[in-house]
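Reading through the structure tokens given below for one structure.
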Amino acid sequence: MNCFNPKYECMSREEMRKVQSERLIKTVHRVYENVPFYRKKMDDMGILPGDIKSVDDIAKLPFTTKQDLRDHYPFGLFAAPMEDVVRIHASSGTTGKPTVVGYTKNDIEIWSETMARTFACAGGTNKDIIQIAYGYGLFTGGLGAHYGAEKLGAAVVPISAGNTKKQIMLMQDFGTTLVACTPSYVLFIAETMEEMGIDPKSLKLKAGCFGAEPWTDLMRKEIENKLGILAIDIYGLSEIIGPGVSSECPVQCGLHVNEDHYIPEIIDPNTLEPLGEGQQGELVFTTVTKEALPLLRYRTRDISSLHYGACDCGRTLVRMSRVTGRTDDMLIIRGVNVFPSQIESVLLDMGYTTPHYQIIVDRKGSLDMLEIQVEMTQELFSDQVRKLEDIEKKLRLNLESILGLSAKITLVEPKTIQRSEGKAKRVIALRKERII
Ligand code: DLL
């Protein structure tokens, strides 16, 4: 097993609970003493830091939401003085001001360590050349991956997102062995290689760490087959640290959460009650080592489940199932609840189309209209209208029988749907969204 920090990644459950308990107690004191928002919340609930004696008491603590961060924009929830803050990142929301996060020197250390674990999960060592094609800047993807790769001792190529032909040239010339970017962007890189007549298998690339957006197992297969690499799903969010919260190992059976730093829980998003092992619900994290912005029970809106069983890789860190959607990206089409990733699975499963698609949601009068534009594969692309109609019909019927959803399917020519260098935008909402 290629493990960056076996002491923590392979601890017994008992030892892990001890580590978590000690760190949680410290964090609760820290936020109570330094963040008026948490002091007030805990006072209102009648909880004192001394009431938290172990990780078993975590459910007594208050939740934190994105709205709380917005209400205290930009630095109102920081628990460290600004002179100790060495970095600020932000994630742009759909509306209004971004969500701002801060890091002390020690936070950057932790972040680098957990991202180094992520690269090691993908087989990375100090012998690797790691090309970071996540965007650098306020987004946490670029710099988070950068510091992690350096911590591992690898040679880092900080190219950032975009400039796709140059990405490929450097992969060839530098002998890049590992790449980190969004899954949609790596597909675009693969496609561009094809256009340039470059055989991906002639490269030294052996693995990639892909995340920052939902993607399906079928999309993973597509990436692995096209590039001949191991594609690892990596997960994180700015509020908790950035990338490095959890990562798949080569077993590809759930993402190991770095739970000595970020304690996960699953709750029912409606009742807010904790759910048991294996049950699907909203993922919640409590950071237990962060200094600048420690968060208690942060509601991610991401849907997942937790699994404590042994993993074949030897790591004992709890695994979360891959995030296929968020409680707030669920579409309700004529009363049918559906996530974009479910539509992706149905489309890709039939083999006629590429993973490039767009979901257009509109409303005519009081009726929801759903159109799915999807690119056909180059091989199937044909001018014979009959054949296209046939495929459209098959896709439509499959969607209807699997998801109970009727939709207009529009097959479009290869390479006509806009490619993304960062997070892909799959849904175009033309109707006025309902508040769920
Ligand atoms: O996307 C951090 C990141 C960068 C993760 C690079 C992985 C790689 P935010 O911009 O704050 O941070 O967006 C966080 O993106 O709550 C999820 O909804 C989604 N997300 C992140 N990783 C995955 C993944 C970064 N592997 C939000 N699968 C999260 C599905 C993901 N969704």
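When a ligand or atom number is given, it counts from 1 through the structure's own listing order. Keep in mind it's a predicted model, so treat the numbers as computed, not measured.
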Output the list of atoms in ligand 1 that are nearer than 4.0 Å to some heavy atom of [X], sorted by atom number.
X    : result
G141 : 4 (C), 6 (C)
T140 : 2 (C), 12 (O)
R326 : 16 (O), 18 (O)
G211 : 7 (C), 8 (C), 26 (N)

Looking only at distance, does [X] have an N or O less than 3.5 Å from an N or O of ligand 1?
X    : value
W215 : no
I234 : yes
T300 : no

Is there side-chain contact between [X] and [Y], with heavy atoms separated by less than 4.5 Å?
X    : Y    : answer
I198 : Q172 : yes
H89  : L143 : yes
T64  : R299 : no
I241 : H261 : no
V251 : C313 : yes

Assess the residue pair E113 and R117 against the criterion (salt bridge (Lys or Arg N to Asp or Glu O under 4.0 Å)); give the C-alpha distance rounded to whole Å, side-chain angles, the decisive distance to 0.1 Å, and a yes or no. CA-CA 6 Å; E113 145 103 28; R117 291 183 192 177; 2.8 Å; yes
Any idea which protein heavy atom is nearest [atom], and the distance to it?
atom                    : value
atom 8 (C) of ligand 1  : Y134 OH, 3.4 Å
atom 11 (O) of ligand 1 : S238 OG, 2.5 Å
atom 31 (C) of ligand 1 : E213 N, 3.7 Å
atom 25 (C) of ligand 1 : G236 O, 3.6 Å
atom 29 (C) of ligand 1 : D302 OD2, 3.2 Å

Just heavy atoms, cut-off under 4.0 Å: does [X] contact ligand 1 by side chain, backbone, both, or neither?
X    : result
L237 : both
R301 : neither
V323 : both
K423 : side chain

Sequence neighbours excluded, every pair satisfying side-chain hydrogen bond (donor to acceptor under 3.5 Å, both in side chains) that has a member inside residues 26-35: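 Residue pairs passing side-chain hydrogen bond (donor to acceptor under 3.5 Å, both in side chains), neighbours aside: Y32-D43.
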For [Y], is the NZ or CZ atom of [X] found under 6.0 angstrom from the centre of its six-membered ring and inside 45 degrees of the ring axis?
X    : Y    : answer
R87  : W111 : no
R426 : Y357 : yes
R297 : F63  : yes

Ring pair (Phe, Tyr, Trp, His ring centres under 6.0 Å): which pairs involve residues 125-159, sequence neighbours left out?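 Matches after skipping sequence neighbours: Y136-H146.
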Nearest non-hydrogen contact with atom 19 (C) of ligand 1 belongs to which option: A212, P98, G142?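 Looking at heavy atoms only, the winner is A212.
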